[in-house]
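Only one structure is covered here, and it is reproduced in the block below.
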Amino acid sequence: MENLGRFRLFVRVARAGSFVEAARRLAVTPSGVGKAIARLEHDLGATLFHRNSRSISLTAEGRMLLGRCERILQEIDELEAELGQFNERQTGQIKIAVPRVGSLLVPVLVSFQRQHPNIEIEINEDDRIVNVVEEGFDLAVRTGQPADSRLVMKRLRSYGHLVVASPAYLSEHGQPGDLSDLKQHRCIRHRLTFTGKIASWENASECGPAERLPASIITNNIESMLQLVLAGHGIARLPSFAVKKYIGAGQLISIFERDHRGSVTFSALWPRTRSATGTIRALVQHVAKNMAPSDGADS
């Protein structure tokens, strides 16, 4: 199994074309990747990469190994998926940490549990950055880049933001003509739980520092912000997945164009010491497939 992990790492490095990029994707150090590849080369008695100060490239032996590894690893992945299907009827438990965006993730987790009724799912909704390993979580979905090298990360979806208000609010207070007009409106602001700071409105930069924008209400919960803006209490800047259906139904109006600079990316993370086969692999694939479609924020 140790060799299998090193072969997977070799394929990652070959595909990335860089020790640094492969390390970034795996949330480990470049030196750790380099040492693992060096050990693999020593054990195989073959040089797999040409190296210089700027780049790496596959040797003839490396190209041969890559082709074989990709075929073998694909078969192993397919076998693991099939074995996971056999295990669907078994009773199991998954403890998962998710941010407080229930409308995005909870329905997806519920649909997975319906397909696997004998698997018990414990959902912990919290915007703080949990310690996945120390707190005993099997899986976490969060935004940002993990600092813990003990975690494996799989990117799921990215979403942009929209500045929105209800038709009733705009009818009473008028629609902002440009970004500077936001200073004359009631803004519903989001306080980030993990930093205690008020989230910046990136696309309101022309108004000066985001903290200078008026804040009629401040909350640390995206769902609460959504309910407040639907009720006509002000203007809010929210992730597109949270407001898309309400815009389509005419309950909210998008005031400015989406700003990619403020995009939010969700990733799945699990402890490196635990296998991503069976139930965990199936759940990650289900979440990636069934989350609300990306709006192109990561393009």
Side-chain angles (χ1 to χ4, degrees), residues 98-108 125-128 141-144 156-266 290-299:
V98 300
R100 288 188 288 184
V101 286
S103 63
L104 177 68
L105 293 168
V106 172
V108 179
E125 284 192 89
D126 198 329
D127 284 337
R128 71 181 178 88
V141 176
R142 69 167 63 148
T143 60
L156 299 172
R157 295 288 175 88
S158 293
Y159 304 92
H161 285 78
L162 294 169
V163 177
V164 296
S166 69
Y169 175 87
L170 295 177
S171 176
E172 180 178 353
H173 299 278
Q175 182 164 334
D178 55 41
L179 296 172
S180 63
D181 287 344
L182 286 174
K183 291 185 289 187
Q184 310 303 320
H185 284 268
R186 297 170 60 85
C187 296
I188 301 168
R189 307 298 302 281
H190 181 211
R191 188 179 296 281
L192 301 172
T193 302
F194 54 91
T195 65
K197 297 181 179 180
I198 296 176
S200 173
W201 286 24
E202 298 250 350
N203 63 349
S205 58
E206 294 179 22
C207 303
E211 289 72 15
R212 296 179 186 175
L213 290 175
S216 60
I217 298 177
I218 300 173
T219 177
N220 65 353
N221 188 289
I222 293 292
E223 302 291 342
S224 296
M225 291 179 66
L226 176 60
Q227 294 306 313
L228 287 166
V229 74
L230 283 168
H233 289 295
I235 296 174
R237 184 173 186 265
L238 290 162
S240 58
F241 67 78
V243 299
K244 185 176 180 179
K245 71 175 182 179
Y246 298 102
I247 293 174
Q251 294 175 270
L252 291 177
I253 294 175
S254 176
I255 299 174
F256 305 118
E257 292 184 1
R258 174 174 49 78
D259 181 6
H260 290 307
R261 292 175 298 170
S263 66
V264 56
T265 298
F266 290 90
N290 291 282
M291 285 178 72
S294 173
D295 58 10
D298 55 349
S299 61

Q) If every non-hydrogen atom of G250 is compared with every non-hydrogen atom of P167, which pair is closest and at what distance? A) O-CG, 3.4 Å
Q) After noting the C-alpha distance and the side-chain angles of I255 and L170, does the key distance pass the side-chain contact (heavy atoms from CB on, under 4.5 Å) rule? A) CA-CA 10 Å; I255 299 174; L170 295 177; 4.3 Å; yes
Q. Do the side chain of R237 and the main chain of H161 share a donor and acceptor less than 3.5 angstrom apart?
A. no
Q: Just jot down the side chain to side chain contact (heavy atoms under 4.5 Å, CB included) partners of I217, sequence neighbours excluded, or say none.
A: L228, H233
Q: With the side chain counted from C-beta on, respond yes when Y159 and M291 share a heavy-atom pair under 4.5 Å apart, and no when they do not.
A: yes
**Q.** All salt bridge (Lys or Arg N to Asp or Glu O under 4.0 Å) counterparts of R191, not counting sequence neighbours
**A.** none
Q | Name of the residue among P239, S158, P99 meeting side chain to side chain contact (heavy atoms under 4.5 Å, CB included) with F266 | A | P99
Q) Which heavy-atom pair separates I235 from P176 by the least distance, and what is that distance? A) CD1-CG, 3.9 Å
Q | Test side-chain contact (heavy atoms from CB on, under 4.5 Å) applied to V164 and Y246, step by step | A | CA-CA 10 Å; V164 296; Y246 298 102; over 6 Å; no
Q: Tell me, please, which residues at least two apart from Y169 pass ring-ring contact (aromatic ring centres under 6.0 Å, His included).
A: H173, H185
Q.
Contact between L230 and L252 at the side-chain level, heavy atoms closer than 4.5 Å - yes or no?
A. yes
Q | Stepwise side-chain contact (heavy atoms from CB on, under 4.5 Å) test for V106 and E125 | A | CA-CA 9 Å; V106 172; E125 284 192 89; 4.2 Å; yes
Q: Taking side chain to side chain contact (heavy atoms under 4.5 Å, CB included) as the test, write out the residues that go with N221, two or more places apart.
A: R100, T219, E223, S224
Q. Of I222, L162, V163, I188, which is the lone residue that meets side chain to side chain contact (heavy atoms under 4.5 Å, CB included) with L238?
A. I222
